[in-house]
Amino acid sequence: MMEEALFKKAIPSSADGLGRIDGRAKVTGQAKYTAEYKLDNMVYAVLVGSTIAKGTVATIDTAKAIKAPGVLSVLTYLNAPKVPGHQKAKNPGKPEAKSGPLKVFNDNKIFFNGQPIAMVIADTFERAVYAASLVKATYNKEKHDTTPPKDLSRGAAPWDGKDFVRGTADAWKTAPVNLQEEYIQPTEVHNPMELHAIIARWDAPDKLTVWDKTQGVQATQGDIAKAFKLPVENVQVNSKYVGGAFGSALQVWPHEIAAALGAQVVKRPVKLVLTRMDMFTSVGYRPYTWQRIGIGATKDGKLIGITHEAAGQTSVYEDFAEGPINTSKGLYDCPNVTTRYKLVSLNVNTPTWMRGPGEATGAFALESALDELSYKLKMDPIELRMKNYAKTDPDNKKEYSSKFLDEAYKMGADRIGWDARKQEPASVKENGWLVGYGMGSGMFGAYREKAVVRATMNADGTLLLQTAVSDIGPGTGTAMVLIASKQLDIPTDKIRFENGDSSLPDAPMQGGSATTSTVGSAVHEACSILKEKFQQLMGNGGADKLDYVKILKDKNLPSVQVLTKSQPGPNNEKYSMQSWSVHFVKVLVHPTTGVTKIDKVVCVADSGTIVSPKTARSQIVGGAIGGIGMALMEEGVIDDRFGRYVNNNLADYHVPVNADIPQIEALFVNKPDPYINPMGSKGMGEIALIGMAAAVANAVYNATGKRVRDLPITPDKLI
Ligand code: MOS
C-alpha cells in the first residue's frame, strides 16, 4: 500500500532534533509561572462564588470576614470601585444584544452558579481562604435553566451566523443510501495543568503591571487598558511561561479584572490564583453541543448531500459562537450542503475556544457519520473518503495552497496496519478483548498574521530574537531558534528567544495554530535582512560563509539590529489554506466490563514543512491525548436541580493519565506549502486533536458493533 518514497519523507516519531530550549528551565523549576512570583508587599485574593444559578443577591454579610485575622478587604458589588470601561458586548447595535462579558462586582445580578459575588484579600493565602468561608449571602432565587440543547427548537442564531445552503437544501434525503443521526459533545473543560493566575500591581494611580497567564500579552494589555481607561502603554503584561492553556487564556476573564480592582483598593500587589474548582466557572470551556447529521450518497459512495445542524450552549449574558458546522462545508467534495447553527442561552458561564474549537466538535459528528455511511455502503472508510476527496475548496472554490491528505491516509493506514481491520464489526478478538480499528480526518484553516521581530546580532556572535508572543507550551521558542539558525547558519545554542512581555515587538496571541506561521515568518524575514546587512558590511557580495563576530570586530560595531514587520501577502488571500490530519486508532474493548483500551495510535499531519521535529511530534501527541480524553473521559456534569457542577475537580472530571495512553506515533507528510509563508509550514495545534474522537468512536464500533454518539464513551455505554 505504501510507497517507499513517502516513508523516506516522513519524520519518524523518534526523530532527533533540537530539544526544547526551555526544557531544562522547566524541569528544574527555574522557569517561573505566574503564581510563583513573589512581589514585595504582596497580598492574596480568594473568590467567593454564588451558590444559586439565577436571581439576585439579597444580602451579603462580610462583617465576620473583614474581622478575620490578616484580612485587608472584602470586595462585593456594594463596595467595589466601578470598572470604568468594562468590555462591551460584541453585537451592541442589535436590540437583543446581551450585556457582554461578565462585569464583576458590578451589581447584584446572578447569571450562573459559581459567579464571583465577593473577593477576600488577606496577608496570606490561607487567611484569605478562611475569611472567604465566613462570607454569607442570601438570595432572591429565580428559576434557572441549565438544561442543554436537544434539538434546534430552543436556540437563536448567533449574531453573525445564518443557515447555509450549497446546492439543494437537505439533499441527503433524496440519496439512495442515507442516514440521519444525532451526536452529543458534552461540556469539556480545558483544565490545563497550570491554574489561571494573575498578580496585579499598581505602580502609579494610572499605571498597572500584571503577571498573568495569557495566550496574548498584548491582547490582555489592550483589554485591561480599556477596562480601566488607561493608555495602553501604561499597562505592562508579563507572561513568560504558560503551563498549557488550549484556548482558556485567549481572553481576559472577570478574575483578572477583579485582581486589578483589588490591588487598587488595598494599594498593594494582589495575587489571585484560581482553584481547580474555579477553573470550571471562572474561565471558559468547550460548550455542550447537540448535533444532527443527515448524509446521503449514491450506491457506489459518491456523496449527494450533507446536512449538519448544531445547537451549542452559551451564557445568558454573552454569546459565544464557534464553527462545528464548518467541517461539513469543506472537508469533502459534496455538491449539496446545508448547515444550521443555534445558540441556547443557559445559566452557565460563557464558553470559549478549546483546542480545535468548533471543528473538533463538528468533526466528531461528521467523521462518525462518514463511518456509519461506510458500513451501510459496505465500503472501506478510507475508500469512501477518497471517493469524495476535495481537490479544490468546495466552500469558496479556491485552489488549495497545498493538500496531501491522500498521502497522509496512505502513510497512516500502512503504519497502523489497516489491512488487518475487518469490515464486519465485533468479529475479531485478541486474548478475550474485542479488537477494532477506526480513523477520522481533521481540517483547520492555516493562518498567517502580522508580527514584528527584533533580531540583534551581538559582538560575541550570539543572536537575540525578541517578540511579544506567548508560548503556552508548544515550544514556540524552539521552533523560532531553529528557523533563525537555518537562516543565519549559526548553531542553535548561540540563539536566545525572548517573548511573553507586552513591551516587546508586536505579535498576535498564540491561538488558532498560527504562531509558527506568523512569528516564524517574522523571524525568517528578520534573519534574512540581518544577513543582508552583514553581507553589505563585508562588501564582497556574500560569496563566503559569514563570520559575524569577525565582521562586527572589523567594523568596530557592538551589534547589528533589525526590527522587521512581517505580514501575509496576496497568496494568503488567493488560495484556500488548510492544515490536514488523519488519526488512526486500534482499540481493545472488554466484552464483559465495557472497558476501552487504546492499543495503538498513528496520527499523520499534512502541515507543510516541519520546522521543529521534536516539538511538532509533541504537539501531535498532545492533541491526540486531548482527543482520547474527549472520546473516552471528559465531561463537565451540571446537576440541573442546582445548576451546579458536580465534578469540578480532577478526581471526578477525568482526563487521560499515562496508563491510558499507548505509544502514539506522529508522522508528517512534511512537504512545503509553497504559498503560505517563507518556511512553507502550516499550523498543527488544532489538527492534532480534530478528528481524533471520531477515530476512537469508529474503532469502538468496529470492535463492538455499538455506535456511541454521545461522548464520552464510558464503559456503561458499551455493556
Ligand atoms: Mo487555541 S483553541 O486557538 O488556543
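First listed ligand is number 1; within each ligand, the first listed atom is number 1. Numbers for residues simply follow the sequence, beginning at 1.
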**Q.** Residue pair Lys682, Asp606: steps toward the salt bridge (Lys or Arg N to Asp or Glu O under 4.0 Å) verdict
**A.** CA-CA 8 Å; Lys682 302 188 283 188; Asp606 166 19; 3.7 Å; yes
**Q.** Those residues that, when tested against Glu256, pass salt bridge (Lys or Arg N to Asp or Glu O under 4.0 Å) (two or more places apart)
**A.**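 Glu256: no salt bridge (Lys or Arg N to Asp or Glu O under 4.0 Å) contacts found.
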(Q) Which protein residues come within less than 4.0 angstrom of ligand 1, counting heavy atoms only? (A)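 Residues Gln215, Phe246, Gly247, Leu250, Trp353, Met354, Arg355, Pro357, Gly511, Gly512, Glu686 each place a heavy atom under 4.0 Å from ligand 1, listed by chain and number.
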Q. Hey, what do you get for CG (Asn326) to CE (Met443), rounding to the nearest 0.5 Å?
A.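 Reported to 0.5 Å precision, the distance equals 7.5 Å.
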**Q.** side chain to side chain donor-acceptor pair (under 3.5 Å) partners of residues 684-698, not counting sequence neighbours, each pair once
**A.**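 For residues 684-698: Ser513-Glu686, Asn698-Arg707.
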Q. Aromatic ring centroids of Phe246 and Trp353 under 6.0 Å?
A.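 No.
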Q: Would you please name every residue forming a ring pair (Phe, Tyr, Trp, His ring centres under 6.0 Å) with Phe111, sequence neighbours left out?
A: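 Phe111 satisfies ring pair (Phe, Tyr, Trp, His ring centres under 6.0 Å) with Tyr317 only.
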